[in-house]
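Some notes on the structure that comes next.
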Amino acid sequence: MRRSDGCGGYRLWLRYDPIDDPATRRDYARLTRRICLPTGSSGAPMAARAELERGLEGLLGEAPRISEEARGATLLAGTPDSCPPLGNAELRAELEALGPEGYILGRRLVAGRRRWVLASAGEAGLLYGAFRLLRMAQTRVPTSGLEVRDRPSVKLRMLDHWDNLDGTVERGYAGSSIWDWHRLPGYLPERYRDYARANASVGINAAALTNVNADPLALSTEYIEKTAALAGVLRPYGIRVFLTARFSAPLDSGALATADPRAPEVAAWWASKAEEIYRCIPDFGGFLVKANSEGQPGPQDYGRSHAEGANLLAAALAPHGGTLIWRAFVYSARASEDRAKQAYEEFVPLDGSFLPNVLVQVKNGPIDFQPREPFHPLFSAMPRTALALEFQITQEYLGFASHLAYLGTLFEEVLRADTFRGGPGATVAKVIGGSQGGQGLSCVAGVSNVGASLDWCGHHFAQANWYAFGRLAWDPSLAAADIAEEWARMSFTNDDGAVHRIVAMMMGSREAVVGYMTPLGLIHIMGWDHHYGPGPWISEGRPDWTSAYFHRAAGDGIGFERGPLGSAAVDQYAPPLRELFGSADSCPEELLLYFHRVPWDRPMRSGRTLWNELCLAYQRGVGAVAAMRDAWEGLAGFADAVRFEEVRELLAIQEAEALWWKDACLSYFASLSKRPYPEGVRAPAHGLEYYKALKPQYVPGIGRTR
Ligand code: GCW
C-alpha cells in the first residue's frame, strides 16, 4: 500500500499509481513514447507538459520524452499555431468548431499520414486534453479505436469559496481556508498549484475566492495585490478569479457617503475600482454579489431594484470584459407567507432588464440546498436573462464532512429536471446552457467544499463531490453513475468488482441522507444556526428560519401547503408541472410534504399511511448507512490503510448520527401524530426531551465575516 503522501487523500483523484495491467500499460506507453508538445513560454502548454510528465511517469514507471520535435513523435500535441503539422485546413476547421477549450484526441491525417493527435484550437483545450488522456489511462480505457472530441457545454464552470479573509470558511467543514491571505502575495505554497490542477482536471475554469457575505477589504489595493498573486498561480490552469463585492463597499471604504446606484459618484467609484483590478489582473473574471439577502447591503437600501444594483457593477466591469454574477437567493427581512415564492416574485418582473454581462445566479432549489428540493421555478421564468445555476458542494445540510453523501445524483436530478419552459424538454441543463435562450453567457457554480485539511474536503468521499461537480458543469448530460465509476477507479482501484461496490455505495448515499433527515419532501428541520443535527421542534425566532414554519406538523397532519388552496407556490411552475405538483394525488411522493399538507393517515401508493411511510423512510435511511458500513468492510483490500480506516470511522459516526436524526425526528413527530411506530421501525432509544437537550457546541462552519 502506498502511503507516500503522508495522508492517503492529498493526491485526490490524480494519484497516477502504476498501471498494473500489462496490456494497458503497453498501449499507453506506445502512444506516449515520444510526445511533441511545443510549449513556448506560455502557461497552459507548460502546465499540460508538467502534468503529462508527472502522470505518465507515475502510471508507466518512466518519464515520457516530451519535446518540440514533430518528426518521430508518437503523439502530436498542440494547437494549430504552436504545432505546424496540426495547422492543416481540415484539422484547423475541426478544432475551431470545438472552441478554445475543446479538444480532439484521436488519429488524424497529418501531412499524408495518420497520426495520433492531442489538439485544440486553444491552449486551455490542450490542457484539458492532457488531463483526459491521463484519465483514460487511469481508468484503463483501451487506446485501440480511441476517438475523443469534447468541448464544454457551459462557459463558466465555477467554484464559489465562502472563505473569509480571517481564514475561516462559512459552511466549511474541511479545516480553515486554503487561502493564506495573511502571507499573500509573497507566499505561494505548492498547494495552490495542486488546487488548480485538480480543478483543471475536471474542467473548472473560474473561482470566486471570497465569501458572498463579503468583506469590503477584499477590494482594497492591498488585497487586490494578494488576489493578483493567486490569479498568477491559477492562470496557467485556465482558471479566472472572481471576487465577491460588498454592495456598500464605496461607503464602507470611507470613500463616499452613499452606495446608491443612482449616485454618479458611486458609478465612478466602481468604474475606477474595476480599472484598478484589471490593471493588476488583466483576465479578472468579475464580481459575485449577494445583495439584500440575509442582512447584506444592496440596492433596495436605496429603494432601487436588483437590476439597477446589478447593472451598476456590470457597467463598471463591461469595458474590461468582466462578468457580474448577481445572486437570486433573496428573501425579505420580514418573514412572508411562503419563503419559497420570494426570489421568483422579486426577479421575474426584472427579466430582460439586466445588462448583457450579467448572470443571475439561482440556487438549485427555491429554499436552500436541502437534501431534496424541487428545482427552482426561476429556471422556467426568465427567458430573457442569463441564469447561472448554483449548487452547494459543501454539505451544509447533508451531514457536513462527516457523512458520505455522493452529490452526483443530486446534481443530475436537478440538471435533468424538465422545467417545461416553452414546452417539454427544456431541462435545467438546457436553460442554463443557453440553448433555450439566454445571451451567450452560461455558468454553473458550486459552493466549494475545499479547505486546508490534508485530504482537502474533510472526507475522502467528499472529494467525489468536487469531482462530480466539475464533470457535470463541463457536460451536464453525463450520468452520475458513470462519474462515480471514473472517480472510484482514479481514487481507489480498477478492480471491477470493487468499483462496482464502491459505486453502489455512492449511488445510494444521498437517498440514504434524505431518508434519515428529510424524507417525503420535508425540508429545513435541522439544528438552529449551525445547521448540524436534527431540530424539528425549533419554533422560536424569526419564523422562516424555524423548522415548524417549514414542516407545519400538528395533531392533524404535516407538510407545507403550496397548492392552489395554500400559498399557491405551484403556480410559479410551468404547466403541466403546476398541475402535477398542485395536487397531492399526482405530486411525486418524494416531494409530497414540500408541496402539500396532508393528514397523518393519508394513504400512500404503498397502501401504508403517511405516518407509517414516514417512519419507515427514516428507518430505511438508517439501514442504508448500516449497509454502506458493511460494504466498506468488504473493501478493505482496495484502499490504502489510512483512507480505509478514516472512511470506516466516519461511516460509524454517520450511522450513529443517522440514528440520532431518525430518533429525534420520530420522537418529535410522534408527539404530534400520536400514532404508534409501525412494524419494522425501532422506537427511539430516548424520550423527546433527551433529544431536545442535545446541544452541539463549537460546530464548524459558522464563522462569519464582519
Ligand atoms: O445556506 C445559507 C447559509 C448561509 C449562506 C447563505 C447564502 C453565505 O446558511 O451561511 O451565506 O445560505 O447562500 O448566501
Side-chain angles (χ1 to χ4, degrees), residues 152-160 205-206 208 212 242 285-293 305-307 309-311 313-314 317 322-331 340-369 373-392 410-423 425-447 469 472-477 572-574 577:
S153 321
V154 174
K155 282 195 188 139
L156 276 177
R157 308 171 297 275
M158 178 155 174
L159 278 191
D160 289 353
N205 66 353
V212 288
F242 284 67
F287 295 133
L288 166 64
V289 184
K290 171 176 177 178
N292 290 124
S293 163
S305 73
H306 281 288
N311 291 345
L313 274 70
L317 294 165
T323 303
L324 190 272
I325 306 181
W326 192 265
R327 294 174 89 230
F329 176 67
V330 298
Y331 53 97
K341 286 166 60 176
Q342 292 191 38
Y344 182 103
E345 283 169 351
E346 289 223 27
F347 277 85
V348 171
L350 302 176
D351 189 25
S353 52
F354 293 93
L355 287 176
N357 63 329
V358 175
L359 278 155
V360 172
Q361 179 162 295
V362 183
K363 287 190 181 181
N364 63 268
I367 301 294
D368 194 6
F369 300 138
E373 287 181 52
F375 72 84
H376 204 302
L378 272 177
F379 289 116
S380 52
M382 295 190 70
R384 293 182 298 142
T385 303
L387 296 181
L389 166 61
E390 180 176 355
F391 285 123
Q392 193 179 44
L410 188 163
F411 303 155
E412 175 186 69
E413 181 176 299
V414 173
L415 288 163
R416 292 184 178 185
D418 195 343
T419 69
F420 287 89
R421 182 169 97 180
T427 59
V428 171
K430 284 194 183 150
V431 168
I432 50 134
S435 49
Q436 295 274 320
Q439 304 159 0
L441 290 177
S442 53
C443 173
V444 180
V447 180
F469 167 78
L472 282 164
W474 174 281
D475 181 358
S477 72
Q572 295 183 340
Y573 290 91
L577 292 179

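These numbers come from the heavy atoms of this one structure, side chains and all, not from hydrogens, waters or symmetry mates. Here the structure is a predicted model, which is why all the values come from computation and not from measurement.
Looking at residues two or more places apart in sequence or on another chain, you find no side-chain hydrogen bond (donor to acceptor under 3.5 Å, both in side chains) involving Asn364. With sequence neighbours excluded, no residue forms a ring-ring contact (aromatic ring centres under 6.0 Å, His included) with Phe369.
By the 4.5 Å heavy-atom criterion applied to side chains, Val348 and Leu378 are counted as neighbours.
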Open item on the list: Run Asn357 and Leu317 through side chain to side chain contact (heavy atoms under 4.5 Å, CB included) and show every step you take.
Closed with: CA-CA 8 Å; Asn357 63 329; Leu317 294 165; 4.2 Å; yes

- [ ] Go through the steps to decide whether Leu441 and Lys155 satisfy the test side chain to side chain contact (heavy atoms under 4.5 Å, CB included), and finish with yes or no.
- [x] CA-CA 7 Å; Leu441 290 177; Lys155 282 195 188 139; 5.7 Å; no

Task: Worked verdict on Phe391 versus Val447 for side chain to side chain contact (heavy atoms under 4.5 Å, CB included) - done: CA-CA 6 Å; Phe391 285 123; Val447 180; over 6 Å; no

TODO: Using the side chain to side chain contact (heavy atoms under 4.5 Å, CB included) rule, take Leu156 and Phe242 through it: C-alpha gap first, then chi angles, then the decisive distance, then the call.
DONE: CA-CA 11 Å; Leu156 276 177; Phe242 284 67; 3.9 Å; yes

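Between the side chain of Ser353 and the backbone N or O of Ala307, no donor-acceptor pair lies under 3.5 Å. In this structure, Tyr344 contributes its side chain and Ala381 its backbone to no donor-acceptor pair below 3.5 Å. Not a single donor-acceptor pair under 3.5 Å links the side chain of Gln342 to the backbone N or O of Val330. In this structure a side-chain-to-backbone donor-acceptor pair under 3.5 Å is present from Arg384 to Asp351. Panel note: side chain Ser293, backbone Lys290; no donor-acceptor pair is recorded below 3.5 Å. At distances below 3.5 Å, not a single donor-acceptor pair connects side-chain atoms of Gln361 with backbone N or O atoms of Leu387. The backbone N or O of Ala445 sits nowhere less than 3.5 Å from a side-chain atom of Asp160 that would complete a donor-acceptor pair.
Tyr573 and Phe375 have their aromatic ring centers within a separation under 6.0 angstrom.
Thr427 and Asp418 form no side-chain donor-acceptor contact under 3.5 Å, judged by distance and modelled atom types alone.
Between Phe354 and Phe347, the ring planes lie parallel to each other; the angle is under 30°, not in the 30° to 60° tilted range.
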